Amino acid sequence: MSSRRDFLKNLLLTGAAATFAPAIVAKTLGDGLPWLNTQADGPWEIFMPTILAGIKRPTFPNRTFNITKFGAKGDGRTDCSTAFRSAIAECTRRGGGRVVVPAGDYLTGPIHLKSNVNLEVQQGATIKFSQNPKDYLPVVFSRWEGVELFNYSPFIYALDQRNIAITGSGTLDGQSDKDHWWPWNGRAAYGWKEGMPNQRSDRNALFTMAENGVPVRERIFGEGHYLRPQFIQPYRCQNVLIEGVTIVNSPMWEVHPVLCRNVIVEGVKINSHGPNNDGCDPESCTDVLIKNCSFDTGDDCIAIKSGRNADGRRLHAPSQNIIVQGCQMKDGHGGVTVGSEISGGVRMVFAENCQMDSPNLDHALRVKNNAMRGGLLEHLHFRDIQVGQVAHAVITIDFNYEEGAKGSFMPVVRNYTVNRLRSGKSKHALDVQGLPGAPVIDLRLTNCTFDNVAESSIVKNVKNATFENVKINGRVVDSFAEPDAGVQNIKTAYSAPFAVADGHRSTPASYGVASWPSATANGTE
């Protein structure tokens with residue numbers, strides 16, 4: 001057994017083998033992917049401990065650089081930008097340490113972290129970020145909704161750095177509101193009025209550039225454009241820690257590590273209800289732990305991403321080895337979400353011991369994707385999830401998001417498991433909709449209870465759905481094979497070849513079958 005376990009551990013934690021892993025697993029174990037869900041030797045017992053063991057907290061030299069020694073004043077009015085830059089520069093020159101922000105209110109422009117610097121925001125301290133967009137120039141290399149560009153600097157930013165941290169029990173205040181940053185979204189609910197500028201034309205221009213292969217160095221936005229910066233964005237960094245701080249009033253995405261390795265987000269409190277105010281969005285990252293955080297947001301609480309459309313396929317960098325533990329979600333679109341900018345794929349996601357509860361939380365567990373994004377999404381595992389109430393569905397896997405089937409890169413979701421979930425109130429228990437020719441594969445629910453469910457589940461275009469000890473409104477449910485549901489419980493069936501994340505077409509052998517079965521228009525055989 002140990003040799004089999006080691007073989008699979010090495011196989012599925014190695015990116016080069018991930019595309020063909022299911023076929024190899026099936027041939028090696030005979031029983032195929034269901035082996036991964038057994039209690040004794042499943043993914044929780046084999047893979048999660050290995051991932052956790054590889055995630056390490058960065059360490060810093062025992063040196064302290066108090067920003068008040070560099071001219072900062074905590075009066076909330078004095079511009080402390082130069083003080084932050086000087087303190088970080090001196091900390092870096094001396095070999096690293098803590099840049100300390102003591103109690104007080106400190107006004108500043110963007111803060112750019114350097115290797116071996118821990119920005120410690122102490123209790124009673126608030127960093128207030130300037131409301132003037134010009135303070136976030138010159139433009140920096142960034143990623144905006146899954147597409148690379150040069151744009152306004154994120155409020156806290158790092159590029160190609162190692163061992164960086166933001167810690168302490170203080171507050172980071174983006175000072176965004178209906179008069180600053182949020183109106184750029186272009187919606188009246190966030191302060192936009194007819195005749196005011198907004199992001200629509202810039203957003204469309206950026207996406208068109210990416211689809212047409214315009215070099216990133218030519219995708220220059222910033223002044224005169226209206227793409228809001230992220231709050232915290234470490235880019236291509238290694239060994240990142242964000243711990244303890246409270247984040248409020250963000251322009252858009254709040255914690256957004258991109259192409260990073262070894263990231264810990266722990267004990268962070270996020271309360272920001274602006275447009276696109278996602279809480280934590282690891283994008284194309286490897287080895288990420290999000291632990292004991294609280295989210296009360298204007299968009300997804302956690303959204304795992306890996307690039308949008310052509311740009312995501314160009315970089316071809318999945319998010320992988322993501323662990324979420326002990327988090328609380330209140331308002332938001334989704335609790336733990338995968339997508340929609342997920343063209344680079346995602347694998348090995350584990351979320352456990354989370355509580356989600358709000359009439360303004362649309363979904364608890366959510367996947368959003370379409371045939372423009374594509375991407376291979378596999379090995380997504382959830383257990384011990386407590387849901388008070390959500391507005392729509394407890395579990396949503398949606399391939400009809402935005403463009404839906406209008407694209408050439410059909411999404412793949414396979415080996416999605418949920419164990420020991422309990423929900424108190426929702427419109428639907430499940431809203432799981434694959435596409436004709438691209439069903440959701442290997443959906444497994446065990447020991448799940450859904451109470452006070454108002455309407456029946458929506459389940460379409462699913463292959464290999466397994467339900468064990470699942471109750472909805474007190475009734476045991478062992479199948480969602482209702483009329484026209486499109487559910488298939490056939491272990492070797494797949495409906496049709498389609499394009500995957502790298503643009504190549506899959507083959508029957510990739511899924512361990514001799515040939516493609518015939519398919520009808522609605523994805524059933």
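FYI, the numbering just counts along the sequence from 1. Everything numeric here is computed off the predicted structure, so don't read it as measured data.
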Determine yes or no for a side-chain-to-main-chain donor-acceptor pair under 3.5 angstrom, with [X] supplying the side chain and [Y] the backbone.
X      : Y      : result
Glu283 : Gly307 : yes
Ser306 : Ile342 : yes
Glu45  : Gly42  : yes
Ser343 : Arg373 : yes
Asn239 : Arg57  : no
Ser426 : His392 : no
Asn277 : Pro275 : yes
Trp182 : His273 : no
Asn271 : Val248 : no

Seminar exercise, completed: What one should report as the nearest heavy-atom pair of Ile395 and Val432 is O-CG2, 4.3 Å
For this session: Please report the shortest heavy-atom distance between Gly54 and Asn262, naming the atom on each side.
Result: O-OD1, 3.8 Å
Tell me whether [X] is salt-bridged to [Y], with the criterion being a basic N under 4.0 Å from an acidic carboxylate O.
X      : Y      : answer
Lys368 : Asp300 : yes
Arg383 : Glu352 : yes
Arg261 : Asp287 : yes
Asp384 : Arg420 : yes

Is the shortest side-chain heavy-atom distance between [X] and [Y] below 4.5 Å?
X      : Y      : value
Phe467 : Thr446 : no
Gln433 : Asn461 : no
Lys406 : Met372 : no
Arg203 : Glu145 : yes
Val470 : Val476 : no
Asn369 : Ser340 : no
Ile458 : His428 : yes
Val338 : Arg366 : no

Exercise. With Cys260, which of Pro282, Cys285, Ser284 fulfils side-chain contact (heavy atoms from CB on, under 4.5 Å)?
Worked result: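 Exactly one candidate clears the test, Cys285.
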Problem set entry | From His379, His381, Arg444, residue fulfilling side chain to side chain donor-acceptor pair (under 3.5 Å) relative to Thr417 |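 Result: among His379, His381, Arg444, His381 is the only option passing the side chain to side chain donor-acceptor pair (under 3.5 Å) with Thr417.
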For this session: Let me see the working for Asp331 and Ser358 under side-chain hydrogen bond (donor to acceptor under 3.5 Å, both in side chains), right down to the final yes or no.
Result: CA-CA 6 Å; Asp331 289 4; Ser358 174; 2.5 Å; yes
Problem set entry | Trace of the side-chain hydrogen bond (donor to acceptor under 3.5 Å, both in side chains) decision for Gln320 with Thr286 | CA-CA 5 Å; Gln320 55 191 352; Thr286 296; 3.1 Å; yes
Cation-pi between [X] and [Y]: NZ/CZ under 6.0 Å from ring centre and within 45° of the ring axis?
X      : Y      : value
Arg200 : Trp192 : yes
Arg308 : Phe207 : yes
Arg313 : Phe409 : yes

At what distance, to the nearest 0.5 angstrom, does [atom1] of [X] lie from [atom2] of [Y]?
X      : Y      : atom1 : atom2 : result
Ser457 : Phe450 : OG    : CZ    : 7.0 Å
His256 : Lys305 : NE2   : NZ    : 8.0 Å
Asp311 : Glu211 : CG    : CD    : 8.5 Å
Asp173 : Gln175 : CG    : CD    : 5.0 Å
Ser319 : Glu341 : OG    : CD    : 11.5 Å
Leu361 : Met356 : CG    : CE    : 7.5 Å

Exercise. Mind checking whether Trp44 and Phe350 have parallel, tilted or perpendicular rings, split at 30° and 60°?
Worked result: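 Perpendicular: the ring planes of Trp44 and Phe350 meet at over 60°.
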Exercise. Are the aromatic ring centres of His333 and His363 under 6.0 angstrom apart?
Worked result: no
Problem set entry | Gln386-Arg422 side chain donor-acceptor pair, cut-off 3.5 Å | no
